[in-house]
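Reminder, nothing fancy here: chain letters follow the sequence lines and each chain counts from 1.
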Protein chains: 2
Amino acid sequence: MCAEKKLTERKRENIIEAAVMEFRASGFSATSMDRIAATANVSKRTIYNHFASKQILFQSIAQALCDQLTQVSEYPYDPEIPLRTQLHAIAEQEMAMLTTAEFISTFKMITSESLVSPELTRATIDNFQESSLGVVTWIKQATKDGKLSVSDPIRAGKQFLALIETFALWPQLYDFKPVPKKSAQKTIINSAVEMFINTYGSKTSRKKTSQ
Amino acid sequence: MCAEKKLTERKRENIIEAAVMEFRASGFSATSMDRIAATANVSKRTIYNHFASKQILFQSIAQALCDQLTQVSEYPYDPEIPLRTQLHAIAEQEMAMLTTAEFISTFKMITSESLVSPELTRATIDNFQESSLGVVTWIKQATKDGKLSVSDPIRAGKQFLALIETFALWPQLYDFKPVPKKSAQKTIINSAVEMFINTYGSKTSRKKTSQ
DNA sequence: TGTAAACTACACTGCGCAGTTTACTTTTTG
DNA sequence: CAAAAAGTAAACTGCGCAGTGTAGTTTACA
């Protein structure tokens with residue numbers, strides 16, 4: 001019978017858990033199946049009973065991790081709440097995601113592979129792209145409501161995210177810089193919001209050139 | 001005697017040229033010394049006579065390429081010329097660099113390695129960082145001249161570059177997107193300049209909310 | 001409790017690659 | 001031209017790894 005779960009199920013979970021760890025730590029090519037097997041407390045043969053090849057194992061994991069990370073990015077527009085407040089909320093949510101240790105290691109894992117062999121990760125990367133569309137629909141709604149004046153919402157959305165990511169994503173990826181402190185995060189967000197509203201806010205919403 | 005150049009010299013150049021090609025195309029670990037030797041029309045042994053190991057070969061090349069790419073980024077401030085014009089020039093120069101095929105493949109080569117084994121490329125990456133300091137000194141000078149009002153020039157500089165790179169660097173790296181067309185480049189630059197001046201320009205220089 | 005399915009240890013194939021050795025040829029230079 | 005310096009081809013060492021084959025053990029379940 002099943003004490004808690006079927007053995008097969010438990011083994012499968014062990015494998016995935018171990019593979020995530022190893023792939024995150026060392027990337028695709030530097031991680032060996034023997035190592036994953038050891039970490040998972042599982043015979044190598046068992047891995048191959050669950051996943052036909054190293055590639056397939058990697059792709060399954062990349063896809064799963066990516067789904068898990070990007071599911072949270074819908075930003076409903078609310079005409080009652082001031083623009084600044086809403087933008088702040090969006091930026092904070094984005095920042096919260098970017099500064100997660102899991103996000104960083106996952107992103108690193110996927111991108112490092114995508115640079116060398118894009119086929120392996122094309123699907124996953126495409127998925128990532130879409131996930132940043134949340135801001136765009138918010139911008140469209142705010143524009144329709146007359147609070148913003150944006151001719152190209154996609155460009156505007158990317159600009160807004162770029163103002164955050166340049167401090168809270170790329171340095172952590174390439175430079176192994178630590179995530180910015182809470183106070184620095186506030187500054188980054190404030191500045192991004194001001195820049196955005198200074199440029200795209202309708203006349204009434206623009207004010208204070210605080211930096 | 002020397003017909004045109006000493007043999008050793010020619011061989012060395014062949015090796016470097018071939019290695020650059022191969023590393024750019026496939027990255028560090030996926031490139032073999034045998035392959036480089038073949039491409040260079042050189043015996044593998046000869047490579048080892050010039051470079052003690054694959055690592056050393058890679059690092060030499062990475063360093064050289066990086067120096068070559070980043071040497072051009074000083075932007076002298078001129079109080080006589082309108083801010084917008086100067087900023088445009090800076091952006092265009094930056095854009096010109098980013099859209100070079102050599103730049104993209106070099107950057108890809110270095111970053112893909114840096115994600116997996118930072119030691120190999122730390123020096124090179126650091127170098128890259130510095131190269132983006134050109135704008136910062138320009139911003140400082142414009143601020144001193146009273147034309148800009150910037151409390152944190154480094155942040156402002158990074159923001160300005162981010163507004164360009166988000167369209168003309170990251171998509172090419174991760175997505176294999178083609179470099180933006182000339183017309184798109186103009187739009188990107190215009191928008192970045194406007195955003196920057198809207199936010200940091202002294203009262204007099206701010207105008208037109210063009211998008 | 002008996003059988004099928006899943007897991008295990010471990011040896012093994014086959015491959016690619018970094019780096020070396022060797023025996024030999026070409027180029028440079030005094 | 002002769003010796004020294006540099007290059008060459010090809011075989012070889014040693015290693016790590018993806019993936020397989022096997023014979024035997026454990027778990028699930030009827």
Interatomic distance, B:Asn49 CG vs C:dT27 C1' [rounded to whole Å]:
14 Å
OP1 or OP2 of C:dT8 versus the side-chain N and O atoms of A:Thr46: is any pair under 4.0 Å?
yes
With side chain to side chain donor-acceptor pair (under 3.5 Å) as the criterion, how do B:Glu22 and B:Ser26 come out once you've worked through the C-alpha distance, each side chain's angles and the decisive distance to 0.1 Å?
CA-CA 6 Å; B:Glu22 299 297 334; B:Ser26 323; 4.7 Å; no
Can you measure B:Ile47 atom CD1 to C:dA18 atom C1' for me and round it to whole angstrom units?
11 Å
In chain order, what residues pass the side chain to side chain contact (heavy atoms under 4.5 Å, CB included) check against A:Pro118, with sequence neighbours excluded?
A:Arg122, B:Phe176
To the nearest Å, give me how far apart CZ (A:Phe51) and P (C:dC7) are.
11 Å
Counting the atoms with a prime plus P, OP1 and OP2 as sugar-phosphate, which does A:Asn14 contact under 4.0 Å by heavy atoms, base, sugar-phosphate, or nothing?
nothing
In whole angstroms, how far is the C1' atom of C:dA18 from the CD1 atom of B:Ile56?
13 Å
A:Phe107 versus A:Leu98: any side-chain heavy-atom pair under 4.5 Å?
no
Counting only side-chain nitrogens and oxygens, does A:His50 get under 4.0 Å of the OP1 or OP2 atom of C:dC7?
yes
Indicate yes or no: does A:Glu102 engage A:Arg24 in a salt bridge with an N to O separation below 4.0 Å.
no
Specify the separation, in whole Å, of atom CD1 of B:Ile15 and atom C1' of D:dG7.
10 Å
Closest to side chain of A:Ser43, choosing from D:dG7, C:dT29, C:dA9
C:dA9
Report yes if a side-chain nitrogen or oxygen of A:Lys11 is closer than 4.0 Å to either non-bridging phosphate oxygen (OP1 or OP2) of D:dT27; otherwise report no.
no
What does the list of N/O pairs under 3.5 Å between the protein and nucleotides 18-25 of chain D look like, with a distance for each?
from   : atom 1 : to      : atom 2 : distance (Å)
D:dA18 : OP1    : A:Thr31 : O      : 3.3
D:dA18 : OP1    : A:Lys54 : NZ     : 2.8
D:dA18 : OP2    : A:Met33 : N      : 2.8
D:dG19 : OP2    : A:Tyr48 : OH     : 3.1
D:dG19 : OP2    : A:Lys54 : N      : 3.0
D:dG19 : N7     : A:Lys44 : NZ     : 2.8
D:dG19 : O6     : A:Lys44 : NZ     : 3.0
D:dG21 : N7     : A:Arg45 : NE     : 3.2

Using ring pair (Phe, Tyr, Trp, His ring centres under 6.0 Å) as the criterion, list what pairs up with A:Phe160, not counting sequence neighbours.
A:Phe196
Can you tell me the distance, in whole Å, between the CZ atom of A:Arg10 and the P atom of D:dT27?
9 Å
Check the orientation of A:Trp170 and B:Tyr174. Use parallel for under 30°, tilted for 30 to 60°, and perpendicular for over 60°.
parallel
Between D:dT27 (P) and A:Arg12 (CZ): distance, integer Å
20 Å
For atom CD1 of A:Ile154, decide whether the heavy atoms of other residues, nucleotides or ligands shown that lie under 6.0 angstrom number more than 12.
no
B:Leu57 CG - C:dG19 C1' separation (whole Å)
14 Å
